[in-house]
Amino acid sequence: MPTFQEELTERRKLDAVTAEASYRKLVVVFALLEFTADPMRDDADPLGHNGPQAHVTARKGDMIVHGRTDTYSAKGRAVFSSEYPKPKTGEVYDREWPKPSITCALGKTPEQMAAEIKRRVMPDYQKGLELARAANWKAEQYHEKRDKALAAVLGQALDECERLRGTSRLDGVALKNEIWGEVQAFEDSVTLKLHNVPVDVAVRLMKLIRVD
């Protein structure tokens, strides 16, 4: 009679075979939809420690879809979901877009699964994708203008931290009279804080910005 450990090892072997078969099936499903599976796998589990689960991320242009099989909440089924592209710079906070997700029985053929995705996921995903692309463009335009504004104030190229935050403590900028401070840039304005400013310099600054 096999021991518990022997039974566990054998079950994990079977799970590993199932997971690999499911992975290959998902790749075919996405290929039918003209999506390409990511070459790097984060679910490779030749020892079967994760059970029969498989996960594929596939892309077409800026479109991203996911397929998962035998998850804890969907045994014997494939779960298909979508992901929206992110902006190249900045972040988009308004993500109240459609989030279509469906499940299919693993016994279905790749052709049947692909048809289900095309019918039940893609229409809503396409609607949300247009919203995501517009929001991403807006975010990228904002950050481009913000970076230009900050670089213009500093009179030098931005470092990585300055590009990420849109702020600078004026490091690397030589200021007179031991003045120090910080600047935060926006799309068409900046917030400038200066400390240790001599009175005569402050008077000249105020003359520049005061409305007579």
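Position 1 is the first residue of the sequence; numbering continues from there.
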For [X] and [Y], work out which heavy atoms get closest and say how close.
X	Y	answer
A105	M113	O-CE, 3.4 Å
G128	P98	CA-CD, 3.7 Å
H143	T89	CB-OG1, 3.6 Å
M122	K118	CB-O, 3.6 Å
D38	Y23	O-OH, 4.0 Å

[atom1] of [X] to [atom2] of [Y]: how many Å apart, nearest 0.5 Å?
X	Y	atom1	atom2	value
S22	H55	OG	NE2	13.0 Å
D62	N136	CG	CG	8.0 Å
F80	T69	CZ	OG1	9.0 Å
K138	Q141	NZ	CD	11.5 Å
W97	S82	CH2	OG	11.5 Å
T71	Q53	OG1	CD	6.5 Å

Worksheet item: Can I64 and Y84 be said to form a side-chain contact (heavy atoms from CB on, under 4.5 Å), step by step?
Response: CA-CA 6 Å; I64 308 168; Y84 293 112; over 6 Å; no
Would a distance-only check, ignoring hydrogens and angles, find a side-chain to backbone donor-acceptor pair under 3.5 Å from [X] to [Y]?
X	Y	result
E162	D159	yes
Q184	T191	no
Y125	S81	no
R146	R163	yes
N196	E178	yes
D70	G76	yes

Item to complete: Let me know which of V27, V29, L26 forms a side chain to side chain contact (heavy atoms under 4.5 Å, CB included) with P110.
Response: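 So, applying the side chain to side chain contact (heavy atoms under 4.5 Å, CB included) to P110 and each of V27, V29, L26, only V29 qualifies.
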same_hphob_cluster([X], [Y]) at 4.5 Å side-chain heavy-atom cutoff:
X	Y	answer
V79	F30	no
L106	L32	no
V92	Y142	no
V28	V121	no

Worksheet item: Can a salt bridge be assigned to the pair K145 and D188 using a cut-off of 4.0 Å between side-chain N and carboxylate O?
Response: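 D188 and K145: not salt-bridged.
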Worksheet item: Is the shortest distance from a Lys or Arg side-chain nitrogen in R133 or E130 to a carboxylate oxygen in the other one below 4.0 Å?
Response: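 Yes, charged N to carboxylate O under 4.0 Å.
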Worksheet item: Is there a donor-acceptor contact under 3.5 Å linking the side chains of R77 and T103?
Response: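 Present: a donor and an acceptor within the cut-off.
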Item to complete: Ignoring hydrogens and angles, state whether a donor on the side chain of T57 or H66 is under 3.5 Å from an acceptor on the partner side chain.
Response: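 There is such a pair (donor and acceptor under 3.5 Å, judged by atom type) between the side chains of T57 and H66.
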Does [X] have more than 12 heavy atoms from other residues, nucleotides or ligands lying within 6.0 Å of its [atom1]?
X	atom1	answer
K99	NZ	yes
Q156	CD	yes
K60	NZ	yes

Discussion item. A side-chain contact here means heavy atoms from C-beta on lying under 4.5 Å apart; do D200 and R204 qualify?
Written reply: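 Side-chain contact under 4.5 Å: yes.
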Worksheet item: Going by heavy atoms in the side chains, are R165 and C161 under 4.5 Å from each other?
Response: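 They are in contact (side-chain heavy atoms under 4.5 Å apart), so the answer is yes.
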Worksheet entry | Members sharing L14's hydrophobic cluster (side chains within less than 4.5 Å) |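 None; L14 is a cluster of one.
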Worksheet item: Rest of the hydrophobic cluster containing V201 (Ile/Leu/Val/Met/Phe/Trp/Tyr, side-chain heavy atoms under 4.5 Å)?
Response: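 Direct or chained contacts put V201 with L150, V153, L154, L158, L170, V173, L175, I179, V183, V190, L192, L194, V197, L205.
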Practice prompt. Mind running side-chain contact (heavy atoms from CB on, under 4.5 Å) on K207 and V203 for me, showing each step along the way?
Written response: CA-CA 6 Å; K207 286 182 178 180; V203 170; 3.9 Å; yes
Worksheet item: Under the ring pair (Phe, Tyr, Trp, His ring centres under 6.0 Å) rule, what pairs show up with a residue in residues 147-199, not counting sequence neighbours?
Response: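 Sorted result for residues 147-199: W180-H195.
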